[in-house]
2 protein chains.
Amino acid sequence: MSERYQLGDCSCLRLRKMARRVTQLYDQIMAPAGLSVTQFGLLAHAWFLKDVSVSELGEHLVMDPSTVTRNLRPLVDRGWVELKVSARDRRQREVHLTKAGATVLGEARPYWVEAQRQLRDMLGDQRATLLNDALDTALDRLLPA
Amino acid sequence: MSERYQLGDCSCLRLRKMARRVTQLYDQIMAPAGLSVTQFGLLAHAWFLKDVSVSELGEHLVMDPSTVTRNLRPLVDRGWVELKVSARDRRQREVHLTKAGATVLGEARPYWVEAQRQLRDMLGDQRATLLNDALDTALDRLLPA
DNA sequence: TCGAGATACATGTATATGCATGTATTCTGC
DNA sequence: GCAGAATACATGCATATACATGTATCTCGA
């Protein structure tokens with residue numbers, strides 16, 4: 001942060017810069033797996049939160065439901081995810097990971113681990129932990145409930 | 001962060017969540033000014049870094065040059081920014097803020113200040129400062145030179 | 001000075017993001 | 001049990017993001 005002017009004060013611009021940089025890093029490292037970090041996150045959440053709805057997935061990811069729908073699109077097209085009308089509420093779509101999706105997720109995992117390792121390496125353990133904690137406690141206060 | 005599984009470990013997903021949330025907050029507050037926080041950042045940097053080139057602007061914003069070009073598009077279309085071939089190096093385009101652009105920037109400023117105030121309010125002074133510091137020191141280590 | 005390589009930007013392609021709105025379904029009060 | 005309100009998702013629209021590639025320009029050595 002070399003800027004001296006007041007713009008250097010803006011948490012939002014700072015956050016977006018950091019998010020861009022770190023996303024670039026992850027995406028480059030994960031490229032051989034054929035997944036962006038966004039897509040990895042979607043698959044991993046779909047795996048963990050079995051039969052989750054589009055909206056619920058959005059809440060977990062702090063992502064607008066319409067964005068979730070669209071981001072799932074390429075994953076559905078590749079046959080890694082299926083959207084099924086919920087039996088209980090036919091307005092809902094349950095997000096299901098397919099076998100192929102689970103396989104891809106498993107194969108991508110080492111690259112994701114490596115990306116985390118490299119980031120932590122660049123930051124140093126202490127700063128990495130500090131950053132994660134700061135983000136967690138901040139997010140807690142910005143999200144409902 | 002209610003998730004207990006290992007995904008909660010990922011700095012990148014965390015950063016992106018936080019960036020999405022904070023961007024939504026800023027964009028909502030700044031909407032009456034007719035600018036997104038991204039556009040505000042571009043205009044403000046163009047104002048501060050007089051005659052900056054597209055690439056240099058990208059370096060300041062940790063943004064790919066092609067992304068800078070495209071993000072400038074709507075600002076050029078609205079007559080807030082002009083791209084001029086550099087006299088020194090005709091490959092370069094100098095980013096100039098127009099009078100109209102300066103006016104819009106000035107009008108948007110109070111909304112931006114208000115967004116920052118609200119965020120700081122939600123986080124608390126100490127956590128806000130901690131977060132900003134953590135982001136700054138982390139960014140320092142992720143950027144070249 | 002001239003040509004090969006490097007550089008700066010623009011553009012093609014694909015994805016990421018959110019608001020406003022539309023459609024199907026469910027819920028609720030009566 | 002039904003009409004109106006509320007909800008869940010899809011879609012139109014505008015922007016945001018980056019890599020690969022194309023084009024114009026510059027640089028530097030022979």
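The chains referred to below are lettered A, B, ... by the order of the sequence lines, with proteins before strands, and numbering in each begins at 1. Here the structure is a predicted model, which means the values were calculated and not measured.
Distance from the side chain of Arg91(B) is smallest for dC26(D) among the nucleotides dC26(D), dT15(D), dA18(D).
Rounded to an integer number of Å, the gap from CE of Met63(A) to C1' of dA8(D) is 18 Å. What separates CE of Met30(A) from P of dA18(D) is a distance of 17 Å, to the nearest Å. Here dT17(D) presents its C1' atom at 10 Å from CG of Asp27(A), a figure rounded to the nearest Å. Rounded to whole angstrom, the span from the CG atom of Asp64(A) across to the C1' atom of dA16(D) amounts to 15 Å. Counting to the nearest Å, the P atom of dA16(D) and the CG atom of Leu42(B) are 7 Å from each other. Met18(A) has its CE atom 16 Å from the P atom of dT17(D), to the nearest Å. Rounded to a whole Å, the CZ atom of Arg73(B) is 18 Å from the P atom of dC13(D). dT17(D) atom P lies 13 Å from atom NZ of Lys17(A), rounded to whole Å.
Across all strands, Ser86(B) comes closer than 4.0 Å to no nucleic acid atom at all (heavy-atom distances). Gln28(A) comes within contact range of the sugar-phosphate backbone alone, with a heavy-atom separation under 4.0 Å but no base atom that close. The residue Arg70(A) sits close to a base: some heavy atom pair falls under 4.0 Å. At the heavy-atom level, Thr38(B) lies under 4.0 Å from the strands shown only through sugar-phosphate atoms. Asp89(A) comes within contact range of the sugar-phosphate backbone alone, with a heavy-atom separation under 4.0 Å but no base atom that close. Among the heavy atoms of the strands, none lies under 4.0 Å from Thr23(B). Ser36(A) comes within contact range of the sugar-phosphate backbone alone, with a heavy-atom separation under 4.0 Å but no base atom that close. Heavy atoms of Arg16(A) sit under 4.0 angstrom from primed sugar atoms or phosphate atoms, though from no base atom. Contacts of Glu56(B) with the nucleic acid, taken as non-hydrogen atoms under 4.0 Å apart, are absent. Across all strands shown, Pro65(A) has no heavy atoms under 4.0 Å from either base or sugar-phosphate atoms.
Atoms CZ and CH2, on Arg109(A) and Trp112(A) in that order, are 5.5 Å from each other to the nearest 0.5 Å. Considering CE of Met122(A) and CG of Leu143(B), their distance stands at 10.5 Å, rounded to 0.5 Å. Rounding to the nearest 0.5 Å places CD of Gln39(A) at 10.0 Å from CG of Leu72(A).
First and last contacts of DNA chain C with chain A, using any nucleotide atom under 4.0 Å from a protein heavy atom and ordered 5' to 3', fall at dT15(C) to dT26(C).
Toward the 5′ end of DNA chain D lies the nearest nucleotide of Ser55(A), the other residue of the pair Leu72(B) and Ser55(A) mapping further downstream. Projected onto DNA chain C by closest heavy-atom contact, Ser53(B) and Ser66(A) fall at different nucleotides, the more 5' of which corresponds to Ser53(B).
Residue-environment remark: CZ (Arg73(A)) stays at or below the threshold of 12 foreign heavy atoms within 6.0 Å.
The closest side-chain heavy-atom distance from Glu82(A) to Val76(A) is not below 4.5 Å.
In terms of phosphate contacts, Arg90(B) brings a side-chain nitrogen or oxygen within less than 4.0 Å of OP1 or OP2 of dC26(D). Between Arg21(A) and the phosphate of dA18(D), there is no side-chain N or O to OP1/OP2 separation shorter than 4.0 Å.
The side-chain tip of Arg78(A) points at the ring of Trp80(A) from less than 6.0 angstrom away and within 45° of straight on.
Not a single donor-acceptor pair under 3.5 Å links the side chain of Gln24(A) to the backbone N or O of Arg21(A).
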Q. Side chain to side chain donor-acceptor pair (under 3.5 Å) between Ser11(A) and Asn132(B): does it pass, once the steps are laid out?
A. CA-CA 6 Å; Ser11(A) 297; Asn132(B) 284 346; 2.8 Å; yes
